[in-house]
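Each chain gets a letter, A, B and so on, in the order the sequences are listed, and its residues count up from 1.
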Amino acid sequence: MHWADFRAQRLSERKVPQVIVSGITPSGEFHIGHLREILTAEMIHRACLDSGLDSRYVFIVDSMDPLRRVYDFLSPEYEKYIGVPLAYIPAPNPDGTPSTDSGSYADFFVNPFLESLREIGVFPEIVMNHEAYEDGRFSEKIDLAISKKKEIREIIMDISGRDLPEDWFPYSPRGSNGSMDGVRVTGYEYPFVHWEDDHGITGRADIRKAEGKMPWRIDWAARWIIHQVTCEPAGKDHGAAGGSFDTGIPICKVLGGNPPEKIVYEWIQLKGMGPMSSSSGVTIGPMEALSLVPPEILRYVIARSKIGRHIEFDTGSALFEIADEYERLLSRIETGEITKRMQTRIDTRKGALRLSQVVRNSDPSESIGGVSFRHLSMLAQIKSSDDEVWESLRNSGHLSGEPGDSLAIRLGKMRNWIDGKHFPEDARIIIQTIIGEEFRENTTEEQRLFLRELSKSLENCEWNQDSIKDAIRECMGIYGLKGKDGFAALYWALLGRRYGPRASALISEMDRHTLIELLKGV
RNA sequence: GGGCCUGUAGCUUAGUCAGGUAGAGCACCGGGCUUUUAACCCGGUGGCCGGGGGUUCGAAUCCCCCCGGGCCCGCCA
């Protein structure tokens with residue numbers, strides 16, 4: 001059983017409508033790791049729907065979280081916003097200075113991310129956490145938390161092992177400049193928390209408005225109740241023993257709720273990106289990943305891995321292998337004796353395939369548009385225009401009529417991948433300009449004679465695939481070469497390797513004169 | 001210092017919760033395919049399951065110790 005289906009089964013025991021939630025702080029650019037947060041939850045949501053449960057998927061944006069520090073991409077002017085909720089500070093300009101007309105900091109980072117999510121078929125209900133504070137939806141729980149502050153303080157100290165000061169307070173009011181930093185609580189009488197800030201200024205925060213927020217560990221537990229959350233997978237940072245999940249569960253109970261079960265997912269790491277390193281600041285965002293990888297393959301990367309395992313996200317040759325695996329799953333029919341373990345594996349993989357579809361429960365075989373990822377990579381390299389690719393696919397019987405959207409999108413992404421830095425070099429088709437040493441080392445005199453004959457034959461033949469193919473076949477016949485040996489020689493000459501894409505297709509894309517000159521050098 | 005995840009074939013991994021003779025894909029090797037979608041089909045090589053101890057008729061699986069990798073414990077998502 002797939003992990004998402006297993007979770008759905010567990011959730012069904014709750015006998016309530018399911019509310020599956022993801023939560024992310026929009027403190028900067030989103031990255032590929034955030035997709036695991038989103039997709040882990042969304043796949044559980046889909047699994048719930050598939051098993052007939054009533055389920056909603058909600059993305060809570062932590063827009064009420066304060067700016068922690070002035071990040072590298074921000075100008076020093078942001079110093080004054082430290083401690084201010086992200087919903088209430090301006091978005092940065094490209095040069096890092098605060099803009100005057102680009103909306104809030106939170107929206108600035110969230111909006112493009114939501115766009116990416118649509119591309120992978122994720123349509124969450126969006127909750128901006130600061131709006132929940134503005135609307136007073138938190139007020140009852142804030143009031144309750146304040147009245148139970150001793151109990152909550154005990155829980156946090158016990159479970160996390162942290163020391164909280166005697167005057168710890170489960171609500172952080174915003175001071176005179178809107179920041180929650182350096183603000184001391186001096187008293188409480190519903191609905192006002194009285195405070196004094198670093199500047200010696202005093203005031204009061206109305207807990208029914210966004211004039212302050214609860215610290216994370218309490219905020220999280222409270223929102224589970226407010227939104228009736230039944231499931232919220234969390235990154236392993238929350239999952240460590242004594243972490244916010246462990247304190248959230250008892251705090252949620254203290255506040256009168258039924259907390260979700262603890263689910264912790266592992267991080268995604270980057271691999272195969274050459275000199276990439278964290279110090280050089282090169283990361284991969286969801287937009288970039290989506291510009292290279294077909295959406296169902298991106299979903300499959302998450303779906304195929306167990307929640308608790310690291311994922312090495314590799315935009316190089318591993319993409320071919322993942323795509324191959326995906327395509328094999330589509331066509332594979334198990335034969336012979338199927339053991340219990342084999343059946344488990346098959347069910348799990350089929351579940352992963354099902355949950356990888358951009359459109360829920362659509363036919364997986366339609367997602368690849370009838371053309372394998374590898375084949376498309378070859379065509380995209382040797383055919384400069386899309387129309388030629390479609391023409392070729394029609395000739396080979398992969399396509400009839402016009403390509404569908406899914407296939408057109410796949411080709412576009414394939415071209416981005418090939419043109420970019422992530423494409424693996426050994427998959428790149430590089431036409432040789434001169435005959436290299438490898439050629440001489442790997443071919444016989446007979447093979448060379450064949451190629452010389454071919455170069456003559458190609459001088460006059462029609463420049464299309466069929467004629468070229470006929471010429472190749474004919475010349476091989478003259479020297480009695482087996483197909484394998486003839487083609488190998490051709491590939492050694494053209495590509496400096498013993499294999500390659502369909503030779504006639506490749507040659508028909510080349511300039512006749514250049515090719516003949518090359519072959520004359522054998 | 002405390003804790004979480006993880007270590008299975010050259011690579012990626014299933015199996016660990018409920019102990020019962022190690023499964024798979026890629027790569028590699030051999031064979032087939034009147035002859036290339038880097039394809040496809042058939043067969044094969046390759047694992048003392050990180051190391052050591054223990055429990056058991058039986059351990060990749062349970063318990064203890066050690067080693068390697070990743071990460072969390074700073075009002076912080």
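Residue A:Ala318 is classed as having no contact, given no heavy-atom separation below 4.0 Å to the nucleic acid. Here A:Gly308 lies in heavy-atom contact (under 4.0 Å) with sugar-phosphate atoms only. Within 4.0 Å (heavy atoms only), A:Leu393 reaches no atom of the nucleic acid at all. If you check every strand for non-hydrogen atoms under 4.0 Å, A:Thr25 touches sugar and phosphate atoms only. Within the nucleic acid shown, A:Arg473 comes within 4.0 Å of at least one base atom, counting heavy atoms only. Residue contacts shown for A:Tyr491 include a base, since a base heavy atom lies under 4.0 Å away. Counting non-hydrogen atoms under 4.0 angstrom, A:Lys306 reaches the backbone sugars and phosphates but no base.
In the interface, the side chain of A:Arg68 is not paired with the base of B:A77 through any donor and acceptor atom under 3.5 Å apart.
Between A:Ser63 and A:Pro26, the shortest heavy-atom contact is N-CD, 4.4 Å.
An OP1 or OP2 oxygen of B:U12 is reached within less than 4.0 angstrom by no side-chain nitrogen or oxygen of A:Arg309.
When the P atom is compared between B:G58 and B:A22, the two are found 15 Å apart, to the nearest whole Å. Comparing B:U16 with B:G23, their P atoms are spaced 15 Å from each other, to the whole Å.
As rounded to whole Å, 17 Å separates atom P of B:C11 from atom NE2 of A:His310. Summarising the geometry, the separation between CG on A:Asp219 and P on B:A77 is reported as 9 Å, rounded to the nearest angstrom. Atom CE of A:Met414 is separated from atom P of B:U37 by 17 Å (rounded to the nearest Å). When the P atom of B:U34 is taken as reference, atom CZ of A:Phe487 falls 14 Å away, rounded to whole Å. The CD1-C1' distance, from A:Ile322 to B:C11, rounds to 12 Å in whole Å.
RNA chain B is contacted by both A:Ile311 and A:Met476; A:Ile311 maps to the nucleotide lying nearer its 5′ end (nearest heavy atom per residue). Between A:Glu325 and A:Arg304, it is A:Arg304 whose nearest contact on RNA chain B lies nearer the 5' terminus.
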